[in-house]
Amino acid sequence: MGNNILDALNVRVLGSGDKILVLAHGLGTDQSAWNRILPFFTPYYRVILYDLVFAGSVNPDYFDFRRYTTLDPYVDDLLCILDTLRVTRCAYVGHSLSAMIGLLASICRPDLFSKLILIGASPRFLNDRDYNGGFEQGEIEKVFKAMKANYEAWVNGYAPLAVGADVPDAVQEFSRTLFNMRPDISLFVSRTVFSSDFRGILGLVKVPCCIIQTTKDGSVPSSVADYLKAHLGGKTTLEPLNTEGHLPHLSSPIQLGDVLRRALSR
Amino acid sequence: MPTPVSTARQCLTDEAARALDDAVAVARRRSHAQTTSFHAVSAFLAPPSSILRDACTRAGRSAYSPRLQLRALELSVGVSLDRLPTSRTVSEAPPVSNSLMAAIKRSQANQRRHPESFHLHQIQNQQATSLSSVRVELKHFILSILDDPNVSRVLLDAGFRSYDIKLAIVRPPPPPISRVPMTRRPPLFLCNLPGGDSDPGRSVFRFPFSGVSLSSSDGDENCRRIAAILGKDKGRNPLLVGVCAADALRSFDEFLKRETAGVLPSELTGLATISIDKEILLYVNEGGSEEMIGLKFKEVGQLVDNCSGPGIVVNYGEMKQLNGDGKPGDAVNFVVSKLTDLLNLYGRKIWLIGSAESDEAYLKLLTRFPSIQKDWDLNLLPITSSSKSSIDGFLSKPSLMGSFIPFGGFFSTPSDFSNPLIITNQSQSITRCHLCNEKYEQEVSAMREGSIPSVADQCSASLPPWLQMAELDSNKGLDTIKATNDGLLFNAKVMGLQKKWNDICQRCHHMQSFPKLDISQSLPQVSNMLNLNESPNKSNSNLKLRPMDLQCDSATKLEETQIRTTLTSITTDLGLGTLYAFPHCQQPNKSKSQDPNEKSHSFSGSKTSQFDVTTQSCMKKPYDLDPKCIRRVLAEMVSWQNEAISAISETVSNCRNGYGSNLKGNIWLSFVGPDKVGKKKIAEGLAKLVFGRQENVIWIDMNFQQLDDYGVKLRGKTVVDYIAEALMEKPQSVVYLENVDKADLSAQKSLSYAIKTGKFPDSHGREISINNMIFVVTSDVLKGDQSFLSCEQQVEYSEERLLRAKCKQMQISVEKRVPKDDSSKKRKLIEVVDSTGHMEQHHKKLKACLDLNLPVEDDEEIDGETYVSDSMTENSEAWLETFFDQMDERVVFKPFDFISLAEKILEEIKINFEKTIEVEKIQLEIQSEVMDQLLAAVWLSEGKTTFQEWVEHVLARGFLEAKQRYDITAESVLKLLSCEGASEKVHSQSLSLPDDIIIK
């Protein structure tokens, strides 16, 4: 894709500073999710924003159903963007799905990342022996069914649950971006996410990580954060965030911004 | 007056002088009277690889080919040169024009400020051959020529911003790119930007998978990645890691067995596979015979021998088996060594593949066989998803599409779905249209047969000429690949073709809106085109002329016609510090670009008048402030902060002598820790030393909301504006920013910007240039959580409280001692009355009669202290850390030792008390408020002498008077109290003690 990836995925580079920060959004949002966090960083960082290929703001034709069957192609996209921009070292903040993409990317290119910050990350959503991922296979299937049956209704029901905290603005914003996604893509990516399992490879991550975990995250139980901390191979810190929900960057941006800045400056 | 070339050459290093010679030659060839910056730029651009050319290539906008942009630049420089008048009398060496000479001078000054060039400076000083001390290096020479507004304009005409180019010069290219010489790189705009494929380790080639049929299980992402590793030169044996690794391995195995021609690229087609995992499992875990496993390995060997294809993939299965928990180690050793032997024996004809459920299994093996990664040439591949489930998702798609009735007609069916040719290129999510795909296929098949047709021939009919040009270039790019790596030629070419057709397809068929720039042979058109694309934006931004810009304009007296283009460049020029014309700072600014001796003259001339003797001796040559001298002066003012002072003096002296890290000679210091008074005094001392007057300090408390008098000053202004105004008013001063940890977001932003660029932006975006100033930012907070530890240790005498001590009238009262006091505790001669009990009583009394509107001081005190720690939000903490990191020095202040000072004070009073009263066993009680006042007074005053005088004169007189007036017996208690209601004034800087003491 060469240069085109920058256009295709709406890559934006904002702010000034020597250090580079990548903000990568998760499933159901696009780069606008970071808008409320941005002012914290643009004065000190060159912030790279991009849309993942499934985001509603990206031309759906770019979403290749044969290619994006695992998270690895997303990693390729990310690395391609960073290489195109000739980034040689950056800090990376990834939400949810993007947190995992960041982990994979850092395994491939450990020198490229100075630090990973994982917001609402989960190596595996499904429960397993000795592992509480928060979901049972049956529940997931129900969700998929609901998505299939009536996407709009599902979005309207799911958004407040995901946001968790009582922030109508955030719910509205998340509903918007979630609804912007083409339903089939949304479902397809959800399937990819739920079928992925990072547990075996966490030890390969050598880059220092910071896990940000809200007090109550509907998608990620707090045990998962502990699991991550215990298994990640690099120096890892766990930052509890005193707010609820899976999308702290939407629901409590100021709080998250503070924590992020602290984590990054460390 | 133009400068003779020989004089100018003396200011330059050999390299730069050679560049100047080239410029002179250009001027001579064109019979120009003078050598100008244009000639210099033209000379810089002439050689095929030069600093400027490289920088332009890197700074170019991605929208255009840098080659074209460079050509446009050459043209516009040429045009500018054409416009210059030719002189009739052509001199052999046209002298250097004033503007070019100014650029040389600027770069001299600039270089002098850069620490890395300072050694050079000194070396050449020793040689003492040249007129001027610094010889300008080529890099700095170019940088300052780019500052020339005329040059900036020409650059802008070609679509370059001088700022970008300067940045590119200052920042060397990133290593992977620098390996390839810039000039040989094909144009950037046709997808040969180093994208995902620039990483050598990751993706040497990709599979075209051009003939994949739509059967469900092949070509999934995992298989693709595994295959990619197999094709590598190094690290070619994949080890799949992850919970789903075993699944992925299995499906890859199946994929290989089922594999038909065309799925894998030519060099890997016919890859065979053999699984020995069961045998290993049996042998290692269940004690199978060595014979059996040996037989199996022999079989593998035979297979490889007889193999006609590229080789054999040996699947050794789950790595956990090899760990053989509790199993005899020999078996594992045997297997591992056998596998290693296989690799050594057959080399590139054999691959090993295996899986590990988790990284732990792998690490375990690694501890057992530390060299296994190298021996086996392993490549760890994280597998995060089993292929099966995603295929399920994929298959469910068609049914899904039907279910969205509300979106009927909303979705376009993705083109790849109906397309029989799926291109599963790693970097490709944009599929080609049918037409392009066909052409692509033709080319690939043609290439397979060995005949590579000229690309240009093939597409000449349908493509605009500019694309043809680019393609020829991309072919050249392929050729270089051929030269370096023969084995991968085919794949590289396939990849190149893919990319090319993707791109062609995208540009011609998908994105019609893309401007079709017709670049034909007539080159003037090129520059026109670039102009058209550049100018509208530029002129738009220029409409917003700010007052500051206009000022610059008038100052530099630019021609009317040039205003549009030059203004933007001026505002971005860092080097042109003289643009902001402050009447009283112009002198030093100007002198900056001249000789250092001259500068010191101008400094000392303006300063010497009001110095005391010590400072004057230091100030004779302000340019090299001696650290010892600074230390002496500061220590005289603040005797208790020795460590801080020596750190400060080192830094200030270093920075003033040109070692400073900050732009434009500004020095940034952070004073952290307690002792407000010490910090302020040191700031005053610095102002006196460096700027000549103690008053040259701009005091700004960032915690402004707490202070009332700022309310008036700040009315209708933000703090940022307030600072900006102060900076403009007093351009030569110490800027003292107190409580910088309380700075709001906008102030933080401005400060960070200022420290980086040497310009302080106000809230309207105007930038105030700051030169040679000293910024002192203070914070009581040491770091993070330990913030108030230091203060808490000093609960007895807190800084906060002492600073609020008031200048009150004092009184001495004589009372009879209460008998119970006598029995309860041992009497001390002088006692400071316990503050809490006494004060509370005091306040209760007061509250009864005081106006309720007055603030209650007791409460305020508590608030004041808790407030600080609360408001220290984490947000500013993070900012503060990064901000402090950029400082020239972080100076940590020790807490002022109030306890020992209090002891000294009491001792002093005791001596006098005993001397005057002369009666044994008389007790003196000192109210804590009075004690605060005394402490604060000593702390704030210059030295201790004044206090001694006060005790000797005022206090002793008071005691004497009391003695005369009252009959003092051993039973009496003298109390030193402060009078309420008498003159109360808060003195921040100096707290005076009362002239006399009332006796009651």
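Keep in mind that what you see is a predicted model, and the values were worked out from it rather than measured. Atom set for the values below is all heavy atoms of this structure, side chains included, hydrogens, waters and symmetry mates excluded.
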Worksheet item: Which atoms form the tightest heavy-atom contact between I107(A) and P382(B), and what is the distance?
Response: CG2-CG, 4.0 Å
Worksheet item: Would a 4.5 Å heavy-atom cut-off, applied to side chains only, mark H231(A) and E360(B) as touching?
Response: yes
Discussion item. Within the 4.5 Å heavy-atom criterion, are L380(B) and L204(A) side-chain neighbours or not?
Written reply: yes
Discussion item. Check this for me: K142(A), atom NZ, are more than 12 non-hydrogen atoms of other residues, nucleotides or ligands nearer than 6.0 Å?
Written reply: no
Item to complete: Hey, could you give me the NZ/OH distance between K756(B) and Y44(A), rounded to the nearest 0.5 Å?
Response: 8.0 Å
Discussion item. Between the side chains of D76(A) and R225(B), is the shortest nitrogen-to-carboxylate-oxygen separation below 4.0 Å, so that they form an ion pair?
Written reply: yes
Item to complete: Take V243(B) and R124(A), measure what side chain to side chain contact (heavy atoms under 4.5 Å, CB included) needs, and give me the verdict at the end.
Response: CA-CA 10 Å; V243(B) 176; R124(A) 175 74 170 163; over 6 Å; no
Worksheet entry | Distance (rounded to the nearest 0.5 Å) between S196(A) OG and I383(B) CD1 | 12.5 Å
Item to complete: Please say whether more than 12 non-hydrogen atoms of neighbouring residues, nucleotides or ligands are located less than 6.0 Å from NZ in K749(B).
Response: no
Fill in: Heavy-atom contact with chain B under 4.5 Å, split by part of L104(A)
side chain
Item to complete: Measure the CD1-CG distance between I201(A) and L381(B) for me, rounded to the nearest 0.5 Å.
Response: 9.5 Å
Practice prompt. Over all heavy atoms of both residues, which pair between D359(B) and R199(A) is shortest? Give the atoms and the distance, please.
Written response: OD1-O, 4.4 Å
Worksheet, complete the sentence: Scanning both residues in full, the closest heavy-atom pair of C244(B) with D197(A) reads SG-CB, 4.0 Å
